[in-house]
Amino acid sequence: MQGTISCARNYNMTTVGESLRPLPLKTQGNGESVRMVVEENAVIVIGRRGCCMCHVVRRLLLGLGVNPAVLEIEEEREEEVLRELERIGGGDTVKLPAVYVGGRLFGGLDRVMATHISGELVPILKEVGALWL
């Protein structure tokens, strides 16, 4: 008869919620941290905390093999961050969720879905280095 073997190991694991934490945003009023976050990431999704459309964009990109950075904005900081994003984009109006690819505004959920359906999204992601396959 087989006996059971007791195994008492402690594995140092992070939960899914901890490993997918949004990026911290520390601004000093000049917007340089917003610009830096956008420029340093091949793909970044910027949206309100808990936004379902932001979640959909992120899940679509994860399904394609891209691990996008996510910047969740608190409601009280939204206007400040949107002004900085508009300044980065040369005055173009930015609506959330905003997806930046290669440091440039790509669009929102509608643009990401449209380019995915048409088959244009994967080559764009490869071009900026977000996908290698």
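Numbers for residues simply follow the sequence, beginning at 1. Note that the structure is predicted; figures quoted are calculated from it, not measured.
The pair R48-E78 meets the salt-bridge criterion, since a charged nitrogen lies less than 4.0 angstrom from a carboxylate oxygen. One finds a salt bridge joining R87 and E84 here, because a Lys/Arg side-chain nitrogen approaches an Asp/Glu carboxylate oxygen to under 4.0 Å.
When all heavy atoms are compared, the tightest approach of L105 to A98 is CD1-CB, 4.0 Å. Considering every non-hydrogen atom in both I44 and V38, the closest pair reads CG2-CA, 4.3 Å. Nearest heavy-atom pair across P68 and R58 is CG-CG, 4.0 Å. Among all heavy-atom pairs drawn from L82 and V94, the shortest one is CD2-O, 3.6 Å.
Put simply, CG on L64 and NZ on K126 are 10.5 Å apart, with the number rounded to the nearest 0.5 Å. Within the model, atoms CG of L61 and CG of N67 stand 9.5 Å from one another, a figure rounded to the nearest 0.5 Å. The line from CD1 of I124 to CG of L131 is 11.5 Å long, rounded to the nearest 0.5 Å. For the atom pair E79 CD and I73 CD1, the distance stands at 10.0 Å (nearest 0.5 Å). Atom-to-atom distance recorded for D110:CG and T115:OG1 is 9.5 Å, nearest 0.5 angstrom. Atoms NZ and CE, from K95 and M53 in turn, are 10.5 Å apart once rounded to the nearest 0.5 Å.
Under the 4.5 Å side-chain criterion, counting only non-hydrogen atoms from C-beta, L121 is in contact with F106.
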Could you walk me through whether R111 and V99 satisfy the side-chain contact (heavy atoms from CB on, under 4.5 Å) test, starting with their C-alpha distance in whole Å, then the side-chain angles of each, then the deciding distance to 0.1 Å, before giving a yes or no? CA-CA 9 Å; R111 173 94 191 273; V99 180; over 6 Å; no

Y100/N41 under side-chain contact (heavy atoms from CB on, under 4.5 Å): CA gap, chis, key distance, verdict: CA-CA 9 Å; Y100 283 80; N41 294 285; over 6 Å; no

Would C54 and V70 count as a side-chain contact (heavy atoms from CB on, under 4.5 Å) if you check the C-alpha gap in whole Å, the side-chain angles of each, and the deciding distance to 0.1 Å? CA-CA 9 Å; C54 182; V70 177; 4.3 Å; yes

Checking side-chain contact (heavy atoms from CB on, under 4.5 Å) for the pair L60/H116: CA distance, chi angles, key distance, verdict? CA-CA 9 Å; L60 172 68; H116 173 62; 3.7 Å; yes

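Atom CD of E86 has more than 12 neighbouring heavy atoms from other residues, nucleotides or ligands inside a 6.0 Å radius. For E75, the CD atom sits in a loose shell: 12 or fewer heavy atoms of surrounding residues, nucleotides or ligands are nearer than 6.0 Å.
No donor-acceptor pair under 3.5 Å is formed between the side chain of R35 and the backbone N or O of I88.
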